[in-house]
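One structure below.
We're numbering straight along the sequence, starting at 1. Remember, it's 1-based here, ligands and their atoms both numbered in the order they're listed. Owing to the predicted nature of the structure, the values given are computational and were not obtained by experimental measurement.
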Amino acid sequence: MSTAFEKLMNGVAGGLALLKVLSENSFDSVLITDASAEGKITYANKSFKKLTGHDPSEIIGKTPRILQGPGTDAKVIERLSDSLKSGRKFEGKAINYKKDGTPFIMYWRVLPIKVDKKITAWVAIQREGSVI
Ligand SMILES: Cc1cc2nc3c(=O)[nH]c(=O)nc-3n(C[C@H](O)[C@H](O)[C@H](O)COP(=O)(O)O)c2cc1C
C-alpha cells in the first residue's frame with residue numbers, strides 16, 4: 001500500500017519538481033553527502049547557507065566536519081560515526097561552528113538513502129537550537 005507521498009512521487013518528473021520545491025524552500029537546512037566513507041557534500045540548500053554562512057558552491061566536495069570545532073561533543077560524533085558504519089539513521093545535537101567561527105547548537109538527523117538495499121547517499125536535516 002503506497003503512502004500519499006509515494007503516490008505523489010509516482011510520476012518521475014512531477015516527483016522531482018516536488019522534491020526540488022520542498023528542499024529549496026524548507027525552513028530547515030538540508031545537506032546531502034555521497035555514500036563514501038568521508039561523506040563528501042554533494043548538495044546544500046539555501047537554509048544551510050542561512051544557518052552556517054557557507055555558500056553551497058564553496059562546500060561541495062568537502063565533508064560536514066567543517067562544521068565541527070573544539071566544543072563539538074566527541075561522543076555524539078562517535079555515535080554518528082557508528083550509525084554511518086552500520087547504515088542506520090542518527091539524531092542528535094552538538095556544538096557546531098558557523099563560517100565566521102560563531103558556535104551554535106546544531107540539532108540534526110542523518111538518514112540513509114537506499115536504492116535496492118544499497119546506500120547511495122546520506123541526507124541530513126538540520127536546525128539551530130538554543131539549549132543543549
Ligand atoms: C549527511 C551528513 C551530515 C552531517 N552533518 C553534520 C553536522 O551537521 N554537524 C556535524 O558536526 N557533523 C556532521 N556530520 C558528520 C561528519 O561529516 C563525520 O561523518 C563525523 O565527524 C564522523 O567522522 P569522523 O569520526 O571522521 O570525524 C554529517 C555527516 C553526514 C553523512
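- If you check which protein heavy atom lies closest to atom 8 (O) of ligand 1, you get Gln126 NE2, 2.8 Å.
- Here the protein heavy atom with the shortest distance to atom 3 (C) of ligand 1 is Ala124 CB, 3.5 Å.
- Remark: Arg109 engages Glu91 in a salt bridge (Lys or Arg N to Asp or Glu O under 4.0 Å) (not counting sequence neighbours).
- Scanning the protein for heavy atoms near atom 15 (C) of ligand 1, the closest one is Leu80 CD2, 3.2 Å.
- Other residues, nucleotides and ligands place no more than 12 heavy atoms under 6.0 Å from the CZ atom of Arg127.
- Salt bridge status for Glu58 with Lys99: present, with a side-chain N to carboxylate O gap under 4.0 Å.
- Cluster annotation: Trp122 is connected to Val76 through the hydrophobic network of ILVMFWY side chains, with a link wherever side-chain heavy atoms come within less than 4.5 Å.
- With a 4.0 Å cut-off on non-hydrogen atoms, Trp108 touches ligand 1 through its side chain and not its backbone.
- Scanning the protein for heavy atoms near atom 22 (C) of ligand 1, the closest one is Ile77 CG2, 3.7 Å.
- Regarding atom 18 (C) of ligand 1, its nearest protein heavy-atom neighbour is Arg65 NE, 4.0 Å.
- An N or O contact shorter than 3.5 Å is missing between Thr72 and ligand 1 by distance.
- Between Thr120 and Lys114 the shortest side-chain heavy-atom distance does not fall below 4.5 Å.
- A 4.5 Å side-chain heavy-atom check between Thr63 and Ile41 finds every atom pair outside the cut-off.
- Of all the atoms in ligand 1, the ones that sit under 4.0 Å from a non-hydrogen atom of Leu67 are 7 (C), 8 (O), 9 (N).
- The shortest N or O to N or O distance between Thr63 and ligand 1 is not under 3.5 Å.
- For Glu38, no nitrogen or oxygen atom sits less than 3.5 Å from a nitrogen or oxygen atom of ligand 1, counting backbone and side chain alike.
- Residues Gln126 and Leu51 are in side-chain contact: their nearest non-hydrogen atoms beyond the backbone lie under 4.5 Å apart.
- Looking at Met106 against ligand 1, only its side chain comes within 4.0 Å, counting heavy atoms.
- Under a cut-off of 6.0 angstrom, the local environment of NZ in Lys50 is sparse, with at most 12 non-hydrogen atoms contributed by other residues, nucleotides or ligands.
- The single protein non-hydrogen atom nearest to atom 29 (C) of ligand 1 is Pro64 CG, 3.8 Å, given as residue, atom name and distance.
- Looking from atom 9 (N) of ligand 1 to the surrounding protein, the closest heavy atom is Asn96 OD1, 2.7 Å.
- Backbone and side-chain nitrogen or oxygen atoms of Trp122 are examined, and none is located within less than 3.5 angstrom of a nitrogen or oxygen of ligand 1.
- The ring-ring contact (aromatic ring centres under 6.0 Å, His included) test applied to Phe90 returns Trp108, not counting sequence neighbours.
- What sits closest to atom 16 (C) of ligand 1 on the protein, heavy atoms only, is Gln68 NE2, 3.8 Å.
- Under 4.0 angstrom from ligand 1, the non-hydrogen atoms of Leu84 all belong to its side chain.
- Considering only heavy atoms from C-beta on, Ser26 comes within 4.5 Å of Asn45 through its side chain.
- Not a single N or O atom of Thr33, backbone or side chain, sits closer than 3.5 Å to an N or O atom of ligand 1.
- Taking 4.5 Å as the limit, every side-chain heavy atom of Pro103 sits out of range of all side-chain heavy atoms of Asn96.
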